[in-house]
Amino acid sequence: MLQQTPVVRVLPVWQQWMERWPTPAHLAAEPPGEAVRHWGRLGYPRRALRLHACARAITAEHDGEVPADHATLLALPGIGEYTAAAVASFAFGGTHPVLDTNVRRVLGRAVRGEEYPPNATTAAERRLAQELLPAVGAPVWGVAVMELGALVCTARGPQCGQCPVQEQCAWRLAGKPPGVARRGQTYDGTDRQCRGRLLAVLRAAHGPVPKTALDVVWDEPVQRERALDGLVADGLAEVLDDGTYRLPI
DNA sequence: CAAGCGTGGCC
DNA sequence: TGGCCAAGCTT
């Protein structure tokens with residue numbers, strides 16, 4: 001849930017989710033569409049699908065227990081380098097560099113002296129994070145750097161006066177030179193927006209909906225069909241024989 | 001490796 | 001107001 005989504009927006013959804021499905025086995029027992037439905041408006045609904053697939057994999061292949069091993073975690077659906085490191089470190093005390101957007105920004109500023117990290121994670125960043133990682137207390141160190149980035153060393157308007165490493169921050173010592181603005185992602189009029197509207201209809205309906213119910217939420221027919229086909233191809237929607245649509249069973 | 005993938009809040 | 005950003009992953 002936290003992938004590309006602010007913590008404050010995740011919290012309430014996560015609470016309800018954990019109440020409903022306290023273990024991987026509980027979630028695995030549901031059809032994937034229920035995961036998508038209760039994902040709500042968190043965004044990137046494919047994550048809901050993958051979390052559900054992850055729960056089923058954990059249930060079927062790991063006796064219902066979340067693996068502690070980094071490589072085993074990495075093999076699960078929806079779990080990449082960051083999530084594998086975070087779970088192995090924070091949940092199981094493992095020693096892994098956790099390179100999320102916060103950590104990348106903090107290290108980029110404090111060590112490299114630049115306002116923003118590169119667009120994609122580089123080998124140099126991984127090397128640096130690995131070098132800085134303490135042999136003892138890596139989980140606490142990781143959380144600390146992450147929190148520093150989330151609360152103090154923020155993307156916009158960092159609170160350098162309250163930063164515990166302000167005296168040694170390369171970026172501050174260099175006079176906080178402005179970085180290159182990242183190119184923003186457009187949204188209005190995109191397939192993503194169209195998919196979002198279509199899926200919102202399916203989430204709200206607790207059963208198959210006629211295609212006409214989907215047609216009304218997006219005017220441009222070519223794009224609408226493409227987006228709908230995309231949702232079906234991604235496993236986020238199903239077409240029934242009578243031409244109605246629903247969340248996947 | 002670049003592209004594609006949601007949504008909402010903030011300045 | 002609109003661009004930017006948020007505990008990334010997959011193809």
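- Taking a 6.0 Å sphere around CD of A:E220, one finds it holds more than 12 heavy atoms contributed by other residues, nucleotides or ligands.
- Within the 4.0 angstrom heavy-atom criterion, only backbone atoms of the sugar-phosphate kind lie near A:I79; the bases stay farther away.
- Other residues, nucleotides and ligands place no more than 12 heavy atoms under 6.0 Å from the CG atom of A:D63.
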Can you tabulate the close N/O pairs, meaning under 3.5 Å, that link protein atoms to atoms of nucleotides 3-7 of chain C?
from  : atom 1 : to     : atom 2 : distance (Å)
C:dC4 : OP2    : A:G184 : N      : 3.1
C:dC4 : O2     : A:R156 : NH1    : 3.4
C:dA6 : OP1    : A:R105 : NH1    : 2.6
C:dA6 : N6     : A:Q185 : NE2    : 3.0
C:dA7 : OP2    : A:N102 : OD1    : 3.0
C:dA7 : OP2    : A:N102 : ND2    : 3.4
C:dA7 : O5'    : A:N102 : ND2    : 3.2
C:dA7 : O4'    : A:D100 : OD2    : 2.9
C:dA7 : N9     : A:Y82  : OH     : 3.3
C:dA7 : N1     : A:E147 : OE2    : 3.2

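- Under 4.0 Å is where a charged nitrogen must lie from a carboxylate oxygen, and between A:E125 and A:R104 at least one such pair does.
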Tabulate below the donor-acceptor pairs under 3.5 Å that side-chain atoms of residues 81-91 of chain A make, not counting sequence neighbours, or state none.
from  : atom 1 : to    : atom 2 : distance (Å)
A:E81 : OE2    : A:H70 : NE2    : 3.2
A:T83 : OG1    : A:Q3  : NE2    : 3.1
A:S89 : OG     : A:G94 : O      : 3.3

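- Extent of DNA chain B lying under 4.0 Å from chain A heavy atoms, first and last nucleotide in 5' to 3' order, is B:dA3 to B:dG9.
- Among the protein residues, A:T83 comes within range of the sugar-phosphate backbone only, with heavy atoms under 4.0 Å from sugar or phosphate atoms but none that close to a base.
- Looking at A:R224 and A:D219, no side-chain N of the basic residue comes within less than 4.0 Å of a carboxylate O on the acidic one, giving no salt bridge.
- Atom C1' of C:dA7 sits at a distance of 22 Å from the matching atom of B:dA3, rounded to the whole Å.
- Shown for residues 215-229 of chain A: no residue has heavy atoms falling under 4.0 angstrom of DNA chain C.
- Of the possible donor and acceptor atoms, none in the side chain of A:T244 sits under 3.5 Å from a partner among the backbone N and O of A:L240.
- By the ring-ring contact (aromatic ring centres under 6.0 Å, His included) test, A:W141 is found to be paired with no residue, residues two or more places apart in sequence or in another chain being considered.
- Nearest-nucleotide positions on DNA chain B for A:A120 and A:G43 put A:A120 closer to the 5' end.
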Just list the side-chain donor-acceptor pairs under 3.5 Å for residues 142-151 of chain A, sequence neighbours left out, or say none.
none

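- One P atom belongs to C:dC9, the other to B:dG8, and the distance between them is 23 Å to the nearest Å.
- With A:W21 as reference, A:E30 is the one residue of A:H26, A:E30, A:H52, A:E34 to meet the side-chain hydrogen bond (donor to acceptor under 3.5 Å, both in side chains) rule.
- For the residue pair A:T122 and A:R127, no side-chain donor N or O sits within less than 3.5 Å of a side-chain acceptor on the partner.
- Checked for salt-bridge contact, A:K211 and A:E225 meet the test: a charged N lies under 4.0 Å from a carboxylate O.
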